[in-house]
Amino acid sequence: MPNTGPESTTHDEAATAESKERRVCPECGSEDLVEDPDTGELVCRECGLVIEEARVERGPEWRAYSAEEREEKSRVGAPTTPLRHDRGLTTEIDWRDRDAYGRALSPARREQLERMREWQRRLRAQGRERSLRYALGEIQRMSSALDLPRSTREEAATLFRRAHERGFLPGRSVEAVASSALYAACRREGIPRSLDAVSNVSRVDRDEVARTYRRLVRELELGIAPYDPAGFVPQIVSELDLGDRVERRAVEIIRETAAQDLTSGKSPKGFAAAAVYLAARLCDEHATQRDVAAVADVAEVTIRDRYHEQAHALGIEY
DNA sequence: ATGGTTTTTACTGCGTC
DNA sequence: GACGCGGTAAAAACCAT
């Protein structure tokens, strides 16, 4: 990494020293962690697990107080992104037969250039990159359809890369792995999108996404927590045109009931739907079970069961 | 594959507008 | 009579083993 000004080194040291404190290896529990001087990765001395990948500063350096300073301190090139199959770092060969000064090239040079272009075309199209490009394209497409924030897209892209590097793809469809990576990214970031929602915009069917997702979670050892039901509330509320009084009440219901007992094993969406139904009822903004069930995509029976439990837990009787 | 749990499907009865 | 709600039994889906 070029261009590390004096301010930034002290800044970095402070940051890493801070985070190296009281970090334990999730694998073996050892506190003996070292930072690899070459790669910048945080590695466990006991078992060799890489706990943290190298952190790369992507933005411009520090702060700039004037135009000249900004020029001086900014890094070269665009920020890297996991969303581009080459992280935005490949060589681009211009299509114009001009040199850097805009002069025409000699015939020999032109021929050489032509050959180089051909090479690059081949390299790019080839196996390894092809599936990556396809997958990342699909991740973008599905993400747009699902209105996912950029961070989630990047997470999905990174997960796909890891799977790819682990040799997870052979024997599976790229599309299925891409879809699973996307769903996993949503889960990891707590962005409420159901498996159904994801498989609806995927080109492979729900069962395959589910199956692949499970395997992917095992393969990459992703610890995935269940969704917080409250995350589903805003969507349901807005689709039913209920006020935010209802929304707040529903979240309250979830907080109070989830704390004491059973969300475990229950579908978070069903739980949220029930809370919305109950909240609407308490706020005199009636929504029918049928409508709530329809927009939340759960069965009416589930709403009944959940909201009875919630009402009971809150000491309300019907 | 298996078994336990949760969700869905389908159907029925009751009260109200 | 249609609608909202509640209950139930059986099938399907899910999940850990």
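Throughout, a chain's letter reflects where its sequence line sits, starting with A, and its residues are numbered from 1.
- In this structure, Glu309(A) atom CD and dG6(C) atom P are separated by 14 Å, rounded to whole Å.
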Measure all distances between protein nitrogen or oxygen atoms and nitrogen or oxygen atoms of nucleotides 11-14 of chain C, and list the pairs falling under 3.5 Å.
unit_1, atom_1, unit_2, atom_2, d
dC14(C), OP1, Arg206(A), NH2, 2.2

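- Under 4.0 angstrom from either OP1 or OP2 of dC5(C) there lies no side-chain N or O belonging to Tyr307(A).
- Side-chain atoms of Val301(A) lie closest to dT8(B) of the nucleotides dT7(B), dG6(C), dT8(B).
- Remark on DNA chain C: of its neighbouring residues Arg218(A) and Thr288(A), the 5'-side contact belongs to Thr288(A), judged by nearest-heavy-atom nucleotide.
- Taking side-chain N and O atoms only, His308(A) has no distance below 4.0 Å to OP1 or OP2 of dC5(C).
- The base of dG4(C) lies outside donor-acceptor range of the side chain of Arg290(A), with no N or O pair under 3.5 Å.
- When side chains are defined from C-beta on, Phe160(A) does not count as touching Leu182(A), because their heavy atoms never get closer than 4.5 Å.
- The cationic group of Arg193(A) does not satisfy the cation-pi geometry with Tyr183(A), failing either the under 6.0 Å distance to the six-membered ring centre or the 45° limit from the ring axis.
- Rounded to whole Å, atom P of dT6(B) lies 5 Å from atom NZ of Lys266(A).
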- Applying salt bridge (Lys or Arg N to Asp or Glu O under 4.0 Å), run through Glu252(A) and Arg249(A) and close with a yes or a no. CA-CA 5 Å; Glu252(A) 233 175 85; Arg249(A) 193 82 184 84; 3.2 Å; yes
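- Considering only side-chain atoms of Arg281(A), the nucleotide from dT7(B), dG7(C), dC5(C) that sits closest is dC5(C).
- Atom CD1 in Ile303(A) sits roughly 12 Å away from atom C1' in dT7(B) (whole-Å rounding).
- For Thr302(A), a side-chain nitrogen or oxygen approaches OP1 or OP2 of dT8(B) to under 4.0 Å.
- Residues forming a side-chain contact (heavy atoms from CB on, under 4.5 Å) with Arg203(A) (at least two apart in sequence, or on another chain): Tyr134(A), Glu138(A), Arg141(A), Glu175(A).
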* Show your reasoning for whether salt bridge (Lys or Arg N to Asp or Glu O under 4.0 Å) applies to Asp207(A) and Arg211(A). => CA-CA 6 Å; Asp207(A) 284 358; Arg211(A) 204 173 43 242; over 6 Å; no
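- The one candidate from Val209(A), Leu216(A), Leu195(A) that meets the side-chain contact (heavy atoms from CB on, under 4.5 Å) condition with Ser179(A) is Val209(A).
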